[in-house]
Number of protein chains: 2
Amino acid sequence: MRKLPPLGSLRAFEAAARRLSFRDAAAELGVTPTAISHQIRILEEICGRPLFRRRPRPLALTDAGERLFPVIRNGFDTFASVVTAVSAKTARTTLRVTSPNAFASRWLVPRLPRWRKLYPQIRLEIIGTDAVLNLRAGDADLAIRYARTMPTDLAAREIFRDSFFPVCSPALLSEGGPAITRAADLLHYPLIHYDWLNGDREAPSWSRWLAVARSVDPDIPAATEHWDLSFREEIHAIDAVAAGQGIAICSDVVVSHEIESGALVKAHDLALPGYGFYVVHVPDHPRQASIEAFAAWMRSVA
Amino acid sequence: MRKLPPLGSLRAFEAAARRLSFRDAAAELGVTPTAISHQIRILEEICGRPLFRRRPRPLALTDAGERLFPVIRNGFDTFASVVTAVSAKTARTTLRVTSPNAFASRWLVPRLPRWRKLYPQIRLEIIGTDAVLNLRAGDADLAIRYARTMPTDLAAREIFRDSFFPVCSPALLSEGGPAITRAADLLHYPLIHYDWLNGDREAPSWSRWLAVARSVDPDIPAATEHWDLSFREEIHAIDAVAAGQGIAICSDVVVSHEIESGALVKAHDLALPGYGFYVVHVPDHPRQASIEAFAAWMRSVA
DNA sequence: TCGCTGGATGAATTGGATTCATCTAGACTG
DNA sequence: CAGTCTAGATGAATCCAATTCATCCAGCGA
């Protein structure tokens, strides 16, 4: 028998974890912060352990919370998506695009004005979620999938591939830290890690990057247990990097906006190979033309 | 901005869709049928279309309902699973096994007494769900995955493979229907279909079976639009077959219990190749011994 | 040291979910 | 065909669980 916690507490938790603020979560749900506090307390009692570390501030998720969050978030994303898809006439003129969370917020959204200028007649709905929506069922018209190889289950084309570099805030380097001239120098700074949702063992990570760097710079110790800061969510990790809390291995595509604006800089030039970004859709989609336009546009602004 | 329907209505819907009865759903949730009715009405108003076809009886899901159901169900399954996993020590002596829904209820559960007899000291918790749980995150200890080829992201071993046959209730044939001596005779009966959750275009289906049968029996018409009964859920389809409503293409493994007991019979001997059942777990799992025992047991009772 | 922000806590309140009572469609029975 | 039974619909009344209010406390910055 399935034992489901009160759903209200899950909704409160999801909003609070996403915004890392009870206040903002309360505003989003149209209630007072007190209500959020109570709901999360209920969930914490069910789990038998705290989900947030409230002090010292700022608010942060505990390990248990980090574990819960992506699942609950994806679930709600998916619920919202199917219900919208099932609902009578969801403005069938908009192209519904889904992409991974980090890509949506870091790459897609900042460039949407350019899209709008080029194709003002094609409205986009961006569904940023790490849940894998079912295109065949119509949960979205087009998906941007992030994978090592081309998806084979649907019509797909590769738009571009990324590489992974160590990146950090320029402030981190200028504020009197040791200069970085060689790979080993990176180890003087906090290293920021984040998990990959998929179980790719080959995924770019500090341990892989350091292994490659070691072949160039033998001074790098073989077993660096240097887990200074670890996040379950790529977006949280990037926020931490931008805030100058350390250096992370990031996709140059995902942080390209920050690199261009100077908010982040490459800390070293050694790159790990990354993944492909694929535009995926059902074959013979009724709005093939819009899909073509979108794929072409993505490639053009790469 | 994500537009989420009231979660209570989703819970009511999920229970009602799973049991195909407002009454039973109400009993499960510990409320009166009236409450279920109200909640589902709310969800139907949000979707702008009915989710259940109430009359004529029996209760059935509409297309929109069929579309919603698996997603909501998987979401709740996953929620329950992570919350349990996160909760303080869930009796760490039990081996948590997840498998696809149909396999859990049709194959695994009926054979559990045998397991219990052999390994009374190893307690099992069966999490039957079509959602893909995250073993690395500890949502379960062991997964039975159903796939064309061996999963590569975790330690896996093939337990057995299945084949797909047309099966039906013996009552269907004995009740004066035309005898089945060749493939074309099957077309005199209602054909029962069900969707595959994964997007496998090569998945065993009536159209594939008939295509193969046509090479033996050219009398089978090429384009048979014979969609008599269609289900989104394999379990529902099997229930319909057992109730004598028609013939379906079923996995011999999933219905093996019904075949042995005589509740179902093969309607024809032509088989389609199926998939493999894989026992999957994280490498170097702390309870490797239990996992070995389980894999060995599964193979032995195949 | 003093504000200021953001969250915790417990009692009081309220509004939305549930129930009650009643009604109807369809299925089964003889 | 009545006659009966099951399962769900409907609308008003009820009630309890979630929310708010009022207050308190910890951390942070000036």
Side-chain angles (χ1 to χ4, degrees), chain A residues 3-62 64-65 69 72 76 239-240 243-245, chain B residues 3-62 64-65 69 76 236 239-240 243-245:
Chain A
K3 219 198 70 185
L4 212 49
L7 299 174
S9 66
L10 290 183
R11 192 177 37 178
F13 168 78
E14 192 271 341
R18 178 157 33 82
R19 317 199 89 126
L20 287 176
S21 157
F22 285 22
R23 244 183 103 72
D24 295 355
E28 173 180 326
L29 301 182
V31 295
T32 59
T34 315
I36 304 292
S37 177
H38 281 306
Q39 289 299 322
I40 287 173
R41 172 70 58 210
I42 289 170
L43 191 55
E44 287 180 324
E45 263 157 29
I46 287 169
C47 293
R49 55 175 59 171
L51 299 172
F52 286 95
R53 193 221 57 210
R54 297 142 220 248
R55 289 187 304 268
R57 287 190 206 158
L59 191 67
L61 286 162
T62 62
F69 175 48
I72 308 295
F76 284 164
D239 287 339
Q245 293 178 35
Chain B
K3 222 198 68 186
L4 212 50
L7 298 174
S9 66
L10 291 183
R11 193 178 36 178
F13 167 77
E14 193 271 341
R18 179 157 34 82
R19 318 200 89 128
L20 286 178
S21 155
F22 285 20
R23 245 182 99 73
D24 296 354
E28 172 180 327
L29 301 181
V31 295
T32 58
T34 316
I36 304 292
S37 176
H38 282 306
Q39 289 299 324
I40 286 173
R41 172 70 59 210
I42 289 170
L43 191 55
E44 288 180 322
E45 263 156 28
I46 287 169
C47 293
R49 56 176 59 171
L51 299 172
F52 286 94
R53 195 223 55 211
R54 300 150 216 243
R55 289 189 308 266
R57 287 189 206 158
L59 191 67
L61 285 162
T62 62
F69 175 48
F76 284 161
H236 290 164
D239 287 338
Q245 294 177 34

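In what follows, every heavy atom counts, from backbone to side chain, and hydrogens, waters and symmetry copies are set aside. Reminder, nothing fancy here: chain letters follow the sequence lines and each chain counts from 1.
- For the atom pair F76(B) CZ and L10(B) CG, the distance stands at 5.0 Å (nearest 0.5 Å).
- Side chain of R54(B), nearest nucleotide from dA8(C), dA7(D), dA9(D): dA9(D).
- Evaluation of the ring pair (Phe, Tyr, Trp, His ring centres under 6.0 Å) test over residues 18-42 of chain A, restricted to residues two or more places apart or in two chains, returns F22(A)-F52(A).
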* **Sugar-phosphate or base contact per nucleotide [nucleotides 16-23 of chain D; S, B, -; heavy atom under 4.0 Å]** => --SBBBB-
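- Following rounding to the nearest Å, I40(B) (CD1) and dT10(D) (C1') show an atom-to-atom distance of 15 Å.
- Residue pairs meeting the salt bridge (Lys or Arg N to Asp or Glu O under 4.0 Å) criterion with at least one partner in residues 31-40 of chain A, sequence neighbours excluded, do not occur; the list is empty.
- E14(A) CD to I40(A) CD1: the interatomic distance, rounded to the nearest 0.5 Å, is 10.5 Å.
- Here L61(B) contributes atom CG and R53(B) contributes atom CZ; the two are 9.5 Å apart, rounded to the nearest 0.5 Å.
- Residues that satisfy the side chain to side chain contact (heavy atoms under 4.5 Å, CB included) test with A64(A), not counting sequence neighbours, are R49(A), L51(A), T62(A), V86(B).
- Not one side-chain nitrogen or oxygen of R23(B) sits closer than 4.0 Å to the OP1 or OP2 atom of dT6(D).
- Remark: P of dG16(C) and CG of L7(A) are 18 Å apart, rounded to the nearest angstrom.
- Scanning for side chain to side chain contact (heavy atoms under 4.5 Å, CB included) contacts around Q39(A) gives S9(A), A12(A), I42(A), with sequence neighbours left out.
- Note: CD (E44(A)) to P (dG7(C)) measures 13 Å, nearest angstrom.
- Over its length, the helix from dT1(C)-dA30(D) to dG30(C)-dC1(D) turns its helix axis by 30°, as judged from the five terminal pairs at each end, rounded to 10°.
- Every residue was checked against the salt bridge (Lys or Arg N to Asp or Glu O under 4.0 Å) condition with R11(B), not counting sequence neighbours, and none meets it.
- The listed nucleotides are dG7(C), dA9(D), dG8(D); the one nearest the side chain of L59(B) is dG8(D).
- Legend: residues meeting salt bridge (Lys or Arg N to Asp or Glu O under 4.0 Å) with R23(B), ordered by chain and number and at least two apart, are absent.
- Distance, F52(A) CZ to dA26(D) C1': 18 Å, rounded to whole Å.
- When rounded to the nearest whole Å, the span between CZ of R19(B) and C1' of dG8(D) equals 17 Å.
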